[in-house]
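Worksheet for the structure shown next.
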2 protein chains.
Amino acid sequence: MIDQMTNSARTPLSRERVLLGAVALADTAGIDSLSMRKLAQDFDVVPMALYKHVAGKEDLLDGMVDVILAEIEPPAPGATWKTAARTRILSARRALLRHPWASRIIESRPAPTPAVLAYLNAMIGIFRDGGLSAGLTHHLMHTLGSRIYGFSQELFNATATPDPQALAAAATELAAHFPHVAELATTASHDGHSVVGQGCDDQYEFEFALDLILDAFERRQQP
Amino acid sequence: MIDQMTNSARTPLSRERVLLGAVALADTAGIDSLSMRKLAQDFDVVPMALYKHVAGKEDLLDGMVDVILAEIEPPAPGATWKTAARTRILSARRALLRHPWASRIIESRPAPTPAVLAYLNAMIGIFRDGGLSAGLTHHLMHTLGSRIYGFSQELFNATATPDPQALAAAATELAAHFPHVAELATTASHDGHSVVGQGCDDQYEFEFALDLILDAFERRQQP
DNA sequence: ACCTGAACACCGTTCAAGT
DNA sequence: ACCTGAACACCGTTCAAGT
């Protein structure tokens, strides 16, 4: 606490420090707790001081997305387009899992930043250099959707329900009214756990869908 | 205007009227303009009056999602699982296109409402009744992702840029720094228009990906 | 019992006043 | 030239006071 205060008093603010501070605040306190005012408080400055380094809240969010993108490892050289893309997308996924709020922010941005364009450009380049036509690459990008950024739409967002009794009650309720949902929730576990909403190995499912898509396009590449 | 006033003064508020009013407000003024205070103003009541019919803002948003789901046509009986799912998903897409804000709200909900569960249950039911195993159905649901609700993650959100001069400048800029992105933007048009960010027929792309996924699972069904 | 105004605890951002 | 406090125009929601 005191370290933070002296530290922030010593080194002057910069865009990078502001952005990293915002990412850290979102990581620890949650994205809903991220406000210009609270962020300023973290740096022991008045809210207006942030506007020297960041145009506003929107610019701050854009910058935070860029921080996340920077965590994605560059594509491995010398690999086939398929493994190059797969490796990079799984690296993006690891970055995203470190910052659970990031997918929501990426989705909400109204316009791509240069860093986002550079990332997409590199991803498209992998496919084009691998010999896929521009048209097929376009289809592939659309089919991958948010998977390009390392996530896919969650059918229900993860709700932490650690109370086993409430969980059991919810399972009974589910089975009574939505039997198909209940069946899927219980049969789908890959790790033995079969509890509602958690009996599903998201990583496995992500890779399953990713490979299915990449395989399908590989097949279409050479008819 | 006066009609609205007398109308709202006559008929008492109800949950349904509040939800439909919220959907209408989001449709016309945009989702960012939707606030409890503005919605109350539309009904010529004090903000607190809404809390009689809606638990709060979160409950309001949940209710709005339910309104959208209710617009999706029920599955056609007697069809194969593939066409039944395809038809229903494309109906969901039409509902979503009527309310451009809806995909963002659907994504943001922390927990599924009973109506959401019922929708997913019906969708799963189509696959299970069609003979797909529970495991394969689970994979399919994950692969479809947000497509189940009629949308897919936009790589860049649609930004209206009607100024053709600025558009041309942006295209040159894009080509210089992000050649792969520029190529895709220009070659991908299916309707002749080849302008940055708009040269892409989203409906075509949606159906392409949807069919690719459904075809792949049909192939896996009978090995 | 029902409704409601004022108030609370927040926002992002502007802007003029201070140094 | 730089920084900053107060202020503006909003939020969602609480709560006690009025009818």
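Throughout, a chain's letter reflects where its sequence line sits, starting with A, and its residues are numbered from 1. Computed from a predicted model, the values in this text were never measured in an experiment.
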(request) Provide, to the nearest angstrom, the distance between the CZ atom belonging to R37(A) and the P atom belonging to dA7(D). (result) 13 Å
(request) Kindly indicate whether the side chain of E73(A), heavy atoms from C-beta on, has any atom under 4.5 Å from the side chain of R88(A). (result) no
(message) Counting only side-chain nitrogens and oxygens, does K38(A) get under 4.0 Å of the OP1 or OP2 atom of dC10(C)?
(response) no
(message) Let's see if you get this right: which residues in residues 47-61 of chain A place a heavy atom under 4.0 Å from DNA chain C?
(response) M48(A), Y51(A), G56(A), K57(A)
(message) For the CD atom on Q203(B), are there more than 12 heavy atoms of other groups (residues, nucleotides or ligands in this structure) within a distance under 6.0 Å?
(response) yes
(request) Using a strict cut-off of less than 4.0 Å between a Lys/Arg side-chain nitrogen and an Asp/Glu carboxylate oxygen, indicate whether R86(B) and E207(B) qualify as a salt bridge. (result) yes
(message) Measuring only the P atom in each nucleotide, how far is dA9(D) from dA9(C)? A whole number of Å is fine.
(response) 22 Å
(request) May I ask which nucleotide in the shown strands pairs with dG5(C), Watson-Crick or G-U wobble, both distances under 3.5 Å? (result) dC15(D)
(request) May I have the distance from F43(A) (atom CZ) to dT4(D) (atom C1'), rounded to whole angstrom? (result) 18 Å
(request) Figure out the CG/P separation between D32(B) and dC11(C), and round it to whole Å. (result) 18 Å
(request) Test the R93(A)-F206(A) pair against the cation-pi criterion, namely NZ or CZ under 6.0 angstrom from the six-membered ring centroid and within 45° of the ring axis. (result) yes
(request) Indicate yes or no: at least one non-hydrogen side-chain atom of Y149(B) is less than 4.5 angstrom from one of V65(B). (result) no
(message) Tell me whether R15(B) is salt-bridged to D59(B), with the criterion being a basic N under 4.0 Å from an acidic carboxylate O.
(response) yes
(request) Could you check if a side-chain atom of D202(A) sits within less than 4.5 angstrom of a side-chain atom of H142(B), using non-hydrogen atoms only? (result) yes
(request) Find the distance Q41(A):CD to dG12(C):P and express it as a whole number of Å. (result) 12 Å
(request) Round to the nearest Å and state the distance from L39(B) atom CG to dT13(D) atom P. (result) 12 Å
(request) Can you tell me the distance, in whole Å, between the CG atom of D44(A) and the C1' atom of dC3(D)? (result) 16 Å
(request) Choose from dC11(D), dC11(C), dG5(C) the nucleotide whose nearest atom is closest to any side-chain atom of V46(B). (result) dG5(C)
(request) Could you check which nucleotide pairs with dC10(C) in any of the strands shown, counting Watson-Crick or G-U wobble with both distances under 3.5 Å? (result) none
